[in-house]
Amino acid sequence: MKGILIFIVVFGILVFVHEFGHFIVAKKSGILVREFSIGMGPKLFQIRRNPTTYTIRWLPLGGYVRLAGADDESKLDPGMTVVLQLNEQNEVVRIDASESEIPIEGIPVQVTEADLVDDLIIKGYENGDENDPVTYHVAHDATIIEKNGTELIIAPRDTQFNQANVWQKLATNFAGPFMNILLGFVVFLIWTFTVPGPATTTVGSTQANSPARDAKIVTGDQIVAINGQKINNFDQVSQQINQSKGKVLHFELKKNGQIRKVTVKPKAHKIQKQTVYQIGIVAKSNENAVVKLKRGWDTAVSTTGLIFRAVGNLFSHFSLNKLSGPVGIYSQTSQVSQMGFTYVLAFLGMISINLGIVNLIPIPGLDGGKLLLNLIELVRGKPISEEHEAIVELIGFGLLLVLIIAVTGNDIYRYFIK
């Protein structure tokens, strides 16, 4: 149960932050955001703050944004009955298309024709009177109650995504992946304060009955050199000890301005079926806030570099085992949750940066595919036709769906069957 809850939280944060990036930049660019949802599935709660409807849904798995566009236009089919509310200028300001048993107060109209994008009109018969067709003009900011009960503003042509300039489109599409990468960096900066500071070359403590104790190494000794090689950081100490293969090492130690030399013979230990060599010292950590922040930043940068290289390697040597879907993420999250809060934080930072970078791959269906179309528009000086763009996205979505199914099947085999 703990693993499931942590997975929901981690996955929810990743998707929410991604969608929030699209949301905030779209709003700033003048693109209509019809709905911003927290969670998925049936609606639990909604509140509208012009022009966006904010909803909370039952399944706590991320969320989504609905940008006004050709694929999200409000439509009324001929023959359906709607209830219209009018303002003092006799313009339609609210449309109930939910066909609910408890409609809003207004005029029942059987629709014969409707255009909520360009002409902003509704034609039909009031109260079923087919002898007297009526035409209603719809206000630009009118709202419509959909069949699922969600009330949204309609999407006139001038508010739609495709009407924005190419730079606004680029910024909106890039904002989602960017927010995931930014979240990863922020998480690593938080993580660095939840664990001891970076190890220094000064001894913090020694273990009983260890080679370090036998060599009279004590707390406060600074390791200056090993076998004549100058030591700058504790990683070099660990490397020298492990590479010794048990051979005697000559340490130069400094304390209170005095230098002394000792010999130490590392002892072999079995850790996870691997032989490692240790002398039984624990380094003193550097708790300086600036040093910790630098460690967090460097960790985020190195993680970003590793993921970029992994993505490049994926294209040169493709394998399903190099990919993970929700099932794989769930399994990894469950394992990490057993290791403690700091490991969950580090995992969240890593997976967030990974999600951001993967989403930038120029494949239709991903944000990177949309960015590629935006760049083509920038070069051509005009957008690709909506029909061609829809075909490209449909093909890309189909291929992406096949890949998701393959990855999910492979994850189930790897983590639950094999």
Side-chain angles (χ1 to χ4, degrees), residues 19 22-23 26-27 29-37 43 46-55 57 64-130 132-165 168-169 172 383-390 393-394:
E19 296 300 329
H22 291 311
F23 166 76
K27 294 269 285 187
S29 300
I31 300 166
L32 173 62
V33 181
R34 301 186 71 204
E35 180 185 0
F36 182 77
S37 173
K43 175 172 58 66
Q46 73 174 17
I47 184 171
R48 190 165 59 84
R49 291 289 182 269
N50 280 334
T52 302
T53 297
Y54 300 88
T55 57
R57 297 183 179 271
Y64 60 85
V65 292
R66 289 176 62 178
L67 303 181
D71 58 345
D72 193 43
E73 296 173 352
S74 296
K75 296 179 180 178
L76 301 177
D77 297 323
M80 71 182 300
T81 299
V82 298
V83 178
L84 307 180
Q85 280 188 355
L86 310 180
N87 61 14
E88 293 178 355
Q89 289 75 40
N90 286 323
E91 288 182 318
V92 177
V93 293
R94 199 176 185 204
I95 307 164
D96 187 349
S98 65
E99 298 183 335
S100 167
E101 294 180 0
I102 310 176
I104 64 173
E105 292 184 5
I107 305 169
V109 174
Q110 183 181 352
V111 178
T112 57
E113 183 183 340
D115 184 346
L116 302 179
V117 176
D118 295 307
D119 296 333
L120 301 183
I121 59 168
I122 297 174
K123 295 181 180 181
Y125 306 113
E126 284 188 9
N127 299 303
D129 184 1
E130 298 186 6
D132 187 19
V134 180
T135 298
Y136 298 92
H137 293 281
V138 181
H140 184 274
D141 296 328
T143 62
I144 181 170
I145 303 174
E146 299 183 321
K147 288 189 177 181
N148 60 12
T150 304
E151 184 170 3
L152 307 172
I153 193 169
I154 61 174
R157 180 81 60 190
D158 63 298
T159 67
Q160 294 188 7
F161 180 81
N162 284 338
Q163 299 303 304
N165 67 51
Q168 292 170 330
K169 294 177 188 176
T172 301
I384 297 173
S385 69
E386 291 183 3
E387 294 78 9
H388 290 161
E389 184 173 340
E393 289 193 359
L394 184 62

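All residue numbers in this chain count up from 1 along the given sequence.
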Can I get a per-line list of side-chain donor-acceptor pairs under 3.5 Å for residues 98-105, giving both atom names and the distance, sequence neighbours left out?
{"residue": "S98", "atom": "OG", "partner": "D96", "partner atom": "OD1", "Å": "2.6"}
{"residue": "S98", "atom": "OG", "partner": "S100", "partner atom": "N", "Å": "3.3"}
{"residue": "S100", "atom": "OG", "partner": "I102", "partner atom": "N", "Å": "3.0"}

Review point. At their closest point, which heavy atom of V117 faces which heavy atom of L120, and how far apart are they?
Key: N-CD2, 4.0 Å
Point to revise | Value rounded to 0.5 Å, distance of CD in Q110 from CG in N127 | key: 11.0 Å
Check your understanding: Which pair of non-hydrogen atoms, one from P51 and one from I153, has the smallest distance, and what is that distance?
Key -> O-CG2, 3.4 Å
Point to revise | Residue pairs involving residues 114-125 (criterion salt bridge (charged side-chain N to carboxylate O under 4.0 Å, His left out); sequence neighbours excluded) | key: E113-K123, D118-R157
Review point. Is there side-chain contact between V92 and L86, with at least one heavy-atom pair below 4.5 Å?
Key: yes
Exercise for review: Under the salt bridge (Lys or Arg N to Asp or Glu O under 4.0 Å) rule, collect the residues that match up with E151, sequence neighbours excluded.
Suggested key: R94
Exercise for review: State which residues pass side-chain hydrogen bond (donor to acceptor under 3.5 Å, both in side chains) with S29; sequence neighbours excluded, sorted by chain then number.
Suggested key: none
Revision key, fill the gap. Taken to the nearest 0.5 Å, the spacing of I122 CD1 from L116 CG works out to 5.5 Å
Review point. Short question: side chain of Q160, backbone of A155 - any donor-acceptor pair under 3.5 Å?
Key: yes
Revision key, fill the gap. Y64 meets the ring-ring contact (aromatic ring centres under 6.0 Å, His included) criterion, sequence neighbours left out, with none
Exercise for review: Please say whether more than 12 non-hydrogen atoms of neighbouring residues, nucleotides or ligands are located less than 6.0 Å from NE2 in H140.
Suggested key: yes
Check your understanding: To the nearest 0.5 Å, how far apart are CG in N148 and CD1 in I145?
Key -> 10.5 Å
Exercise for review: Quick one: closest heavy-atom pair of R49 and I47, and the distance?
Suggested key: NH2-CD1, 3.1 Å
Check your understanding: Hey, mind stepping through L32 and D158 against side chain to side chain contact (heavy atoms under 4.5 Å, CB included) and telling me if it holds?
Key -> CA-CA 9 Å; L32 173 62; D158 63 298; over 6 Å; no
Point to revise | Separation between CD of Q163 and CD1 of I31, rounded to the nearest 0.5 Å | key: 10.5 Å
Check your understanding: When rounded to the nearest 0.5 angstrom, what is the spacing between OG1 in T143 and CD1 in I95?
Key -> 7.5 Å
Exercise for review: Any chance you could measure F36, atom CZ, to T53, atom OG1, to the nearest 0.5 Å?
Suggested key: 13.0 Å
Exercise for review: Look at the side chain of H22 and the backbone N and O of T172, then say whether any donor-acceptor pair between them is shorter than 3.5 Å.
Suggested key: yes
Check your understanding: Which residues pass the salt bridge (Lys or Arg N to Asp or Glu O under 4.0 Å) test with R66, sequence neighbours left out?
Key -> E35, D72, E146
Practice item. Quick one: do L76 and I144 satisfy side chain to side chain contact (heavy atoms under 4.5 Å, CB included)? Show the steps, please. Key: CA-CA 10 Å; L76 301 177; I144 181 170; 3.9 Å; yes
Point to revise | Nearest atoms (heavy-atom pairs only) where V93 meets A139 | key: CG1-CB, 4.2 Å
